[in-house]
Amino acid sequence: MSQGASQSRVKFADHYNAWLRHHRLSAADSLFRVLDNLVSSVLTWLVIGIALALPVALDVALDNAGELSAGWDSPSQISLFLADDIQVEAARQLATELQAREDVASVRFVSREDALAEFSELSGFADVLASLEENPLPNLLLVSPAGDLGGAGAGGLRAQLGAMPQVAEAVLDMAWLQRLNSLMELSRRMVMAIGALLVLGVVLILGNTIRLAIEARRDEIVIVKLVGGSNPFVRRPFLYTGLWYGVGGGFFAGLLVTLALWFLQQPVSRLAALYESEFELAGLGLMGFLNLLVLGGLLGLAGAWLAVSRHLAKIEPR
């Protein structure tokens, strides 16, 4: 006796296995399609890589500048230029008094003769300075504030010491570093703004690339929808295409930044050696490179999702 059609429920495990299998097939097929048009893909990766490399390179440069200036933050130093009538003994007595203060870590006395000799050696104008009838430089006290004093505390100490009658002028030598830090903060914000614009550009580039891929496969999409393929089923290969483009762009961005740092390493090391410094450029490192790959992949997914959401719904069987 013949039986009619019967209905059965598909197990959750079967649903999951089919979903996982389609993910693997979509990932492999989209990667094959990207590599099949290698020249076009490399150009797309280069465009994305350059757009990502610019803010990353600027950020790495700021990190290196911050690393270089970190050794200058402490201790701050206050230069006390003493009045012309203050002799050596009085200057040494003042140094002893200042050394006893709790907010002062150390005091170093530099006589006007020592200051002139040091200036002659460093400036290269020894012959000109030797022709002067008298030494124009005053006696100097170099005061290092206590370590627990912040920038505001060092500024207050400078004001107190500058008000002393023996002091003609008090200069906080860290003022220039505070200006440098402010400039670096401004530069970092500018890099963030430029990076945000370039990231938006990357998303739009990837979105346009995926849109072209959708148009090229319009007939295939119509057939898949005719046989019952859902929108997530059709969307999945294009999301993986965006992912591969983004990961490739992130790889090229890391490669470009690494090459730029390698190109600059030798002249930077030579310049540091002239200043008797052991400073070396710090690169992205393994984690930085991996972060670029992840960032590129996320941007690729975002661009693909944007394109698929806008254009896939317009393709329906007639």
Side-chain angles (χ1 to χ4, degrees), residues 62 64-189 268-280:
L62 289 176
N64 278 280
E67 195 73 26
L68 181 62
S69 64
W72 303 338
D73 290 338
S74 179
S76 56
Q77 198 170 71
I78 301 173
S79 298
L80 300 182
F81 298 95
L82 304 183
D84 292 337
D85 58 346
I86 302 298
Q87 301 302 316
V88 174
E89 290 302 323
R92 293 187 184 277
Q93 178 62 32
L94 178 61
T96 303
E97 295 175 1
L98 295 179
Q99 184 68 67
R101 293 176 58 121
E102 294 183 355
D103 51 0
V104 173
S106 65
V107 180
R108 184 166 72 92
F109 170 66
V110 180
S111 68
R112 62 180 65 193
E113 290 78 13
D114 293 339
L116 182 63
E118 182 178 353
F119 181 69
S120 299
E121 180 181 354
L122 295 177
S123 65
F125 297 113
D127 295 338
V128 176
L129 295 174
S131 65
L132 296 177
E133 295 183 358
E134 62 179 52
N135 188 349
L137 300 179
N139 291 316
L140 174 68
L141 294 181
L142 299 177
V143 179
S144 297
D148 56 350
L149 286 182
L157 178 60
R158 185 204 65 81
Q160 293 179 26
L161 300 180
M164 301 178 69
Q166 303 97 320
V167 178
E169 185 179 4
V171 178
L172 181 59
D173 295 344
M174 292 294 291
W176 66 273
L177 185 57
Q178 294 170 357
R179 298 189 191 100
L180 175 62
N181 290 335
S182 299
L183 182 61
M184 289 184 59
E185 179 63 26
L186 175 62
S187 301
R188 196 170 293 278
R189 288 180 180 270
V268 168
S269 299
R270 190 181 303 119
L271 179 62
L274 294 176
Y275 285 92
E276 299 182 354
S277 172
E278 297 180 357
F279 174 77
E280 291 186 0

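- Residues that satisfy the side-chain contact (heavy atoms from CB on, under 4.5 Å) test with Gln87, not counting sequence neighbours, are absent from this structure.
- Atoms CD and CE, on Glu97 and Met164 in that order, are 6.5 Å from each other to the nearest 0.5 Å.
- With sequence neighbours excluded, no residue forms a side-chain contact (heavy atoms from CB on, under 4.5 Å) with Thr96.
- Under the side-chain contact (heavy atoms from CB on, under 4.5 Å) criterion, Ala159 pairs with no residue at all, not counting sequence neighbours.
- Across Gln166 and Ile86, no two heavy atoms sit closer than the pair O-CG1, 3.8 Å.
- Residue Ala105 comes nearest to Pro145 through the heavy atom pair CB-O, 3.5 Å, listed as atom of the first residue, atom of the second, then distance.
- Between Leu98 and Leu161, the shortest heavy-atom contact is CD2-CD2, 3.6 Å.
- A search for side chain to side chain donor-acceptor pair (under 3.5 Å) contacts involving Glu185 returns Arg189, not counting sequence neighbours.
- Side-chain atoms of Ser79 and Leu142, non-hydrogen and from C-beta on, do get closer than 4.5 Å to each other.
- Between the side chain of Asn139 and the backbone N or O of Ala91 there is no donor-acceptor pair closer than 3.5 Å.
- Checked against salt bridge (Lys or Arg N to Asp or Glu O under 4.0 Å), Arg188 has the following partners two or more places apart in sequence or in another chain: Asp59, Asp63.
- Not counting sequence neighbours, Glu169 has no partner by the salt bridge (Lys or Arg N to Asp or Glu O under 4.0 Å) test.
- Side chain of Gln99 to backbone of Leu94: no donor-acceptor contact under 3.5 angstrom is found.
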>> side-chain contact (heavy atoms from CB on, under 4.5 Å) for Leu140 and Phe81? Distances and angles first, verdict last.
In response: CA-CA 5 Å; Leu140 174 68; Phe81 298 95; 3.9 Å; yes
